[in-house]
Protein chains: 4
Amino acid sequence: MSQTTKSSPGRPRSTEVNQAILQATLDLLAEVGYQGLSIEAIAARAGVGKTTIYRRYHAKEELIAEAIDRNRPQLVIPDTGSLWADLEEVHKQAAEIDLSPLGRQTIAMIISLASTIPQFAEIYWKKYVIPRRKAASVIFERAKARGELSPEVDADLICDLMTGLLFKSILFQPETEQIESYMRRALDFLLQGVTSNSL
Amino acid sequence: MSQTTKSSPGRPRSTEVNQAILQATLDLLAEVGYQGLSIEAIAARAGVGKTTIYRRYHAKEELIAEAIDRNRPQLVIPDTGSLWADLEEVHKQAAEIDLSPLGRQTIAMIISLASTIPQFAEIYWKKYVIPRRKAASVIFERAKARGELSPEVDADLICDLMTGLLFKSILFQPETEQIESYMRRALDFLLQGVTSNSL
Amino acid sequence: MSQTTKSSPGRPRSTEVNQAILQATLDLLAEVGYQGLSIEAIAARAGVGKTTIYRRYHAKEELIAEAIDRNRPQLVIPDTGSLWADLEEVHKQAAEIDLSPLGRQTIAMIISLASTIPQFAEIYWKKYVIPRRKAASVIFERAKARGELSPEVDADLICDLMTGLLFKSILFQPETEQIESYMRRALDFLLQGVTSNSL
Amino acid sequence: MSQTTKSSPGRPRSTEVNQAILQATLDLLAEVGYQGLSIEAIAARAGVGKTTIYRRYHAKEELIAEAIDRNRPQLVIPDTGSLWADLEEVHKQAAEIDLSPLGRQTIAMIISLASTIPQFAEIYWKKYVIPRRKAASVIFERAKARGELSPEVDADLICDLMTGLLFKSILFQPETEQIESYMRRALDFLLQGVTSNSL
DNA sequence: ACGTAATCGAGACGGTACGTCCTGTCTTCCA
DNA sequence: TGGAAGACAGGACGTACCGTCTCGATTACGT
């Protein structure tokens, strides 16, 4: 048998198709939002058959979850030597991520589906809460080691308070700038009683 | 006195039907959530023709907005003479409202749609944020007058932090009891530095 | 005359309204046909409430029946002294009535509903068949009296054959002129064996 | 050689579904008539989604036309050697076809729609008139060849007269038996002057 | 002359069917 | 054997009319 064609017949386009689907999903999500998002539109945009999507994802939510999961930029934990500078940097990063057009849509959607689909709460927890709590934890540990912070301060609680406020602000206060200044004010308030600099 | 009851010709719209529609909407919202809510199901549940609903509301969102607007129970501002007792009472009420099946669904939906439909953000602001801020403000003023609280404390900020935390908890932590204890812990933390009882 | 005008109490029904309704019905029937005819459109066209129509007619068919009943022009039985001339005149009249735009729509509709609604078959029978059979009968009797026709000829049968042919032609052969000449040919054929002029 | 089987991509339309739809249409047509026929009911009866019907037929009329077109039983031209026997047989067949429940409904509908939808008149002409004229023509030719019939007799005209009478009777005279005897009487009358048996 | 009672227009009511759109599954053919 | 194309059953959408029902406002008649 004259073997001219190389390699086995299989799935050479598989990864390309993956990318196309996820990209189309994110694009449409940013354009029409979660409500107006249809699998059919995603398939058309990606130049792909519906079956190809359903073969990979059992439900629309799963697809979106994957798309978001792949897309979400990572938080970099800073280490400036100062508690305040570190926290400012972290919150700047978080705000940047969350306040972009896609970010707003994503958060709204995740929140919306969290109560319905446990899977989404999990994604949220894994992608949003854990990294931010981790960052807070690291930063606070360093500050405690430096004596900047009293040792019994609960980093998770402060982190959750800030995250909660951020979400609330994102959803109901459109002005990006106002959000940032409000966040800074909140941070001041939260830390005023627990930092040792008053001593 | 001149009676200026302006009445359009034709049969007037039935207030009983109004009620039936809104009630059915709330019932179904609590049962199947916003995603699973269909006008057809609402009409069937209310024993009403679809036309009757569409005559009143041009879109599903409009109907739901109205239903929520009419339904939301009012917050009663307590006056026990103690800041802590007042705040506990307010948060107990808020948690009761928000953690009921309908409350959870409502909040998830409002949040989800706030970024898409400005009208929803407005409803939320009017029905949720303002009353709570108002309550917080009154309670804090009384506490300041009693000398329980330093005068420069920002009631709105504390209220927003608590509300944000509550929302976050509602969406991602299913256990009602855990939420309540976590909320109490957060309140302790927020007030620890601003109350004058350490003096 | 002891027979006074029997009148029920209350406001009497407006005859103007009667006319407006029937006229609107005929107008719309000619315009959109039976299929596209709606009570609502009739009411709007007549400047009348739907109730006013339903008070008079229990169903759309009843209304249409009445409208047609009032409208249908009467057949005038000719008396020229000649069988052929009389028959030609009758068929000319019948064709004129049936081939007008309203006539075509009406016949199509009556025929269409005859099998469903007995009432319509009755109207048809009363308004179309009886007058034509009557005319044929009178004309044939005169011809028999004149010795033009053998006495045992069945006028009804010939009339029915001609009517059936006319309907078939109206429905499936659009050309008015062709219909008329074909009808004349049929008449020639039907009478060829029964008239005494060949003797 | 070169296979030119033009095949469009994607899943081909199911012929079983085709059949189910057309059969359900005919069944319901016989049961509830054209007026009471709904696409939704057809879909339900056929166990098929509405979309599947609309994909094939753009309008109710188109679907019905197709259903009738496929269904109409063929007329078998008899050859008994006798004009009378042949004609009796043909009319027996025609009456059987036309007087069945489905037949009555079908004719009523075709007639009703002929004036509105040209397509229907065409179907009627192709499916009803042509075969019957053909049969009449063949039978009459044989009779002429046998000397039973004078050569100048117009088979089409007689056929049309009989068909017209049949339609008229179907639509306005419910009794099947009466129709058959009336048809026989008409046939007697039409042939009395043209057959040579009196010679 | 005035109340009684049925009329009028307008339009809301519970329904049914429409034709469209999307879901998630399935078939068929192509590379 | 994976993938595009698209047919499939199902179900909700928002619209159009159906025939019935309330409204407030007009008429005529019979006291």
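By convention in this document, chain letters (A, B, ...) are assigned in the order of the sequence lines, proteins followed by strands, and residues within each chain are numbered from 1.
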task: Classify every nucleotide of nucleotides 16-24 of chain E by which part a protein heavy atom approaches to under 4.0 Å, writing B for the base, S for the sugar-phosphate alone and - for neither, in 5'-to-3' order.
output: -BBBBBBBB

message: Could you go through B:Y54 and B:I39, starting from their C-alpha distance and side-chain angles, then the distance that decides it, and tell me whether this counts as side chain to side chain contact (heavy atoms under 4.5 Å, CB included)?
response: CA-CA 9 Å; B:Y54 284 113; B:I39 296 280; 3.8 Å; yes

query: Where do B:K60 and B:L63 land on the side chain to side chain contact (heavy atoms under 4.5 Å, CB included) test, with the steps shown first?
result: CA-CA 5 Å; B:K60 192 162 77 168; B:L63 161 59; 5.6 Å; no

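When rounded to the nearest whole Å, the span between CG of C:N18 and C1' of E:dT7 equals 12 Å. In this structure, C:E62 places its CD atom 13 Å from C1' of F:dG19, rounding to the nearest Å. Between the OH atom of D:Y57 and the P atom of F:dA7 there is a distance of 14 Å, rounded to whole Å. Computed from coordinates, the B:E16 CD to F:dC23 P distance equals 10 Å when rounded to whole Å. Summarising the geometry, the separation between CD1 on C:I53 and P on E:dT7 is reported as 15 Å, rounded to the nearest angstrom. Put simply, CD on B:Q19 is 17 Å from C1' on E:dA12, counting in whole angstrom units. Separating the CD1 atom of C:I21 from the C1' atom of E:dC8 is a distance of 11 Å, rounded to the nearest angstrom. The nearest whole Å value for the distance from the CG atom in B:L63 to the C1' atom in F:dG14 is 14 Å.
Position along DNA chain E of the nearest nucleotide to B:V17 versus C:R55 favours C:R55 as the more 5'-ward residue. Between D:V48 and A:V48, it is A:V48 whose nearest contact on DNA chain F lies nearer the 5' terminus.
Applying the 4.0 Å criterion to OP1 and OP2 of E:dG9, one finds that C:T52 has a side-chain N or O inside that range. Contact annotation: D:R13 side-chain N/O to F:dG6 OP1/OP2 distance is not under 4.0 Å.
Using a 3.5 Å distance cut-off with no hydrogens or angles, the side chains of D:E61 and D:Y34 do pair a donor with an acceptor.
With C:N18 as the partner, the side-chain hydrogen bond (donor to acceptor under 3.5 Å, both in side chains) test is satisfied by one option alone out of C:R70, C:R56, C:R13: C:R56.
Heavy-atom minimum distance, D:I68 versus D:L26: N-CD2, 4.3 Å. Nearest heavy atom pair, residue D:L37 against residue D:L29, reads CD1-N, 3.9 Å.
Judged by atom type and distance alone, D:R11 reaches the base of F:dA7 through a side-chain donor-acceptor pair under 3.5 Å.
Taking a cutoff of 4.0 Å between a charged side-chain nitrogen and a carboxylate oxygen, C:E40 and C:R45 do not qualify as a salt bridge.
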